[in-house]
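Working notes, structure below.
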Amino acid sequence: MIHCRIQQALQSAVAAELPDADLSRVLVRPCDPKFGDYQSNALMALAKQRKMNPRELAAAVERRLDVGEWCDSVEIAGAGFLNFSLRPAAVAAQLQAAARGEHLFFVPSSTPRTVVIDFSSPNVAKPMHVGHIRSTILGDALARVLRLLGHRVIADNHIGDWGTQFGMLLLGWKTQLDESALATHPIDEMERLYKAVNSDESLRDAARAELVKLQSGDEENRAIWQRMIELSQEQFDTIYNRLGVGFDYTLGESFYNDALVGVIAELEEKNIAEESEGALVVKFTDDPKLKKQPAIVRKSDGAANYTTTDLATLEYRQREWSPDEILYVTDGRQQLHFQQLFAIHKRWKPEVVANLVHVWFGSILSHDRTPYKTRSGEVVRLSALLNEAEERAFTVVTEKNADLDEAARREIARVIGIGALKYADLSNNRQSDYIFDWDKMLALQGNTAPYLQYAYTRVRSIFRKGDIENIDASAIILNELEELALAKHLLNFGQVLENVAAEYRPNYLCNYLYELAGHFAAFYEACPVLKAGDEKQSRLLLCDLTARVMRQGLAVLGIEVSEQM
RNA sequence: GCGCGCGUAGCUCAAUUGGAUAGAGCGCUGGCCUCCGGAGCCAGAGGUUGUGGGUUCGACCCCCGCCGCGCGUACCA
């Protein structure tokens with residue numbers, strides 16, 4: 001990609017001028033069009049370190065710089081910026097290469113990594129709810145982006161299939177199970193059982209006894225527990241199918257049960273953990289931020305907790321897959337837990353160099369800025385949320401396109417509704433809390449999925465209308481400002497994907513696609529396509545590449561497109 | 001108390017290693033249909049980036065203080 005080549009050329013020039021410079025910080029970025037197409041501000045920082053005059057350094061580097069193949073001019077501006085302006089011919093060559101199928105403005109990573117992504121993690125015997133949506137959607141989008149860039153991704157669903165709640169569930173199952181309710185609405189029935197037992201103090205000991213039996217391998221309880229997992233997995237699969245989300249593994253908490261004792265023993269042996277108030281804890285005396293809060297790895301009743309399970313999980317993943325990176329896509333409220341986890345792991349397995357990252361996100365809020373709930377104050381189930389998204393989209397589609405038959409409208413509504421829901425989440429900075437708003441996410445204007453999907457159908461419509469099958473990409477003409485701006489924007493797709501992968505922020509891609517739609521709209525208004533003369537094939541190519549980038553970009557966000565809306 | 005995070009236009013949100021005149025949508029004002037999907041496009045108004053200092057050629061971004069909000073803070077995950 002041109003951007004990359006310019007950056008490499010700049011790095012070579014800097015290396016020649018300043019042999020000891022840190023080239024990893026010598027970067028080239030897209031910039032405000034009034035300055036050019038790309039900009040580097042790296043020389044100002046380098047000059048500062050060395051107490052040099054930044055403009056003189058820029059001039060010296062510029063003399064060594066050879067980017068004539070791609071750039072019309074390189075200018076030194078302001079305090080020492082280097083501004084690059086692309087040659088239209090170089091832009092055209094990129095478009096032609098894309099037309100030949102050589103690339104779609106990105107290239108696979110030259111250093112592929114193995115990345116484990118831990119996301120979604122719903123609980124057995126409970127409904128999936130709005131609290132699972134960000135993790136599921138964000139984790140899936142990151143998995144898709146990383147895969148597209150050539151990385152080896154292992155998506156692992158660490159479901160909650162173990163814990164004290166099973167004592168209550170088992171007791172309820174044995175004493176007050178409604179078989180027919182279980183057959184029709186298994187999740188509701190299991191939730192009912194849990195609530196019934198949990199609300200009755202007098203059943204506490206009996207529930208506890210069922211838990212102990214389960215833990216000691218009692219056959220009947222194991223069988224019931226297995227059944228609960230199966231029923232829950234059916235629910236998960238239904239939701240994941242609707243969302244188009246997939247996993248490579250579903251290794252829940254119970255998978256690590258047998259390893260917990262060993263983990264605890266090792267932490268004791270290595271003097272990482274110590275007794276305190278009846279529990280076994282890890283203290284972080286040398287870490288100013290963590291010293292106040294020890295982490296419990298064995299409760300005073302002898303049971304392990306999630307820190308222990310996560311350590312065992314980490315050890316398994318390391319042994320099994322040797323990842324370069326493990327991503328935990330969870331709520332920001334678990335930050336302390338992951339800081340502790342990573343700190344313990346570093347002491348426990350100092351030889352492991354995998355990059356452990358807590359990819360955390362904010363909360364979904366109602367308009368009153370309290371956690372998003374139903375009107376009656378209950379958690380919103382994911383199934384209901386998806387239904388409503390599709391239903392609302394169906395209403396809009398029917399309004400706008402009543403002549404399509406219902407099946408077609410349902411299918412379009414599915415694509416739009418689910419897409420809107422996902423995009424609303426992904427287009428925000430993941431660390432921000434955001435306010436859930438149906439009208440905003442389904443709007444056809446602004447930075448929304450329906451707007452982007454609509455932009456896609458407008459392009460496709462040109463091809464339908466013109467009955468176009470093949471494009472002759474031999475003559476690219478980029479005379480109009482709008483053509484050139486659109487073409488240049490297409491060139492930046494790959495860099496945006498890399499930024500998403502580097503910071504685990506899909507909203508960068510959302511912004512890019514929204515800008516792409518904007519550039520296309522301007523082009524579409526200013527430049528007739530089907531009625532064009534010499535430019536027709538060139539413009540068709542711009543349309544086609546826009547559609548392909550839009551479709552691919554949305555696809556890695558987990559969002560589908562429709563030919564018509 | 002301590003820790004983490006947040007505070008950007010009336011509202012909802014962006015802002016890519018510290019980079020150039022902080023950008024969108026909604027709402028408001030005003031334009032554009034002999035034209036490929038008007039579910040669209042263009043323009044205008046709207047900002048002391050909570051606040052006071054500091055570092056820097058340059059700060060929404062880094063450092064210190066203060067105000068406000070959210071979350072976490074020993075046996076849930």
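Numbers restart at 1 for each chain; the letters A, B, ... are given by sequence-line order, proteins then strands.
Regarding contacts with the backbone of G18(B), every side-chain N or O of R25(A) stays at 4.0 angstrom or more from both OP1 and OP2. Between U16(B) and N507(A), no contact under 4.0 Å exists linking OP1 or OP2 to a side-chain N or O. Between Y451(A) and C41(B) there is a side-chain N or O to OP1 or OP2 distance below 4.0 Å.
The NE2 atom of H519(A) sits 11 Å away from the P atom of A24(B) (whole-angstrom rounding). Regarding Q340(A), its CD atom lies at a distance of 12 Å from the C1' atom of C4(B), rounded to whole Å. For N428(A) and A15(B), the CG to C1' distance is 14 Å, given to the nearest whole Å. Following rounding to the nearest Å, E535(A) (CD) and C36(B) (P) show an atom-to-atom distance of 18 Å.
In terms of modelled atom types and a separation under 3.5 Å, the side chain of D425(A) and the main chain of L421(A) share no donor-acceptor contact.
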Reading RNA chain B 5' to 3', what string of ( ), [ ], | and . shows its pairs, if Watson-Crick and G-U wobble pairs count only when both distances fall under 3.5 Å?
(((((((..((((.....[...)))).(((((.......))))).....(((((..]....))))))))))))....
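Between V397(A) and V281(A), the residue anchored nearer the 5' end of RNA chain B, judged by the nucleotide with its closest heavy atom, is V397(A).
With centroids closer than 5.5 Å and planes inclined by less than 30 degrees as the test, F81(A) and the base of G19(B) fail to qualify as a stacked pair. Under the stacking definition used here (centres under 5.5 Å, planes under 30°), the residue Y454(A) fails to qualify as stacked on the base of G37(B).
Atom OH of Y423(A) sits about 7.5 Å away from atom CD1 of I559(A), to the nearest 0.5 Å.
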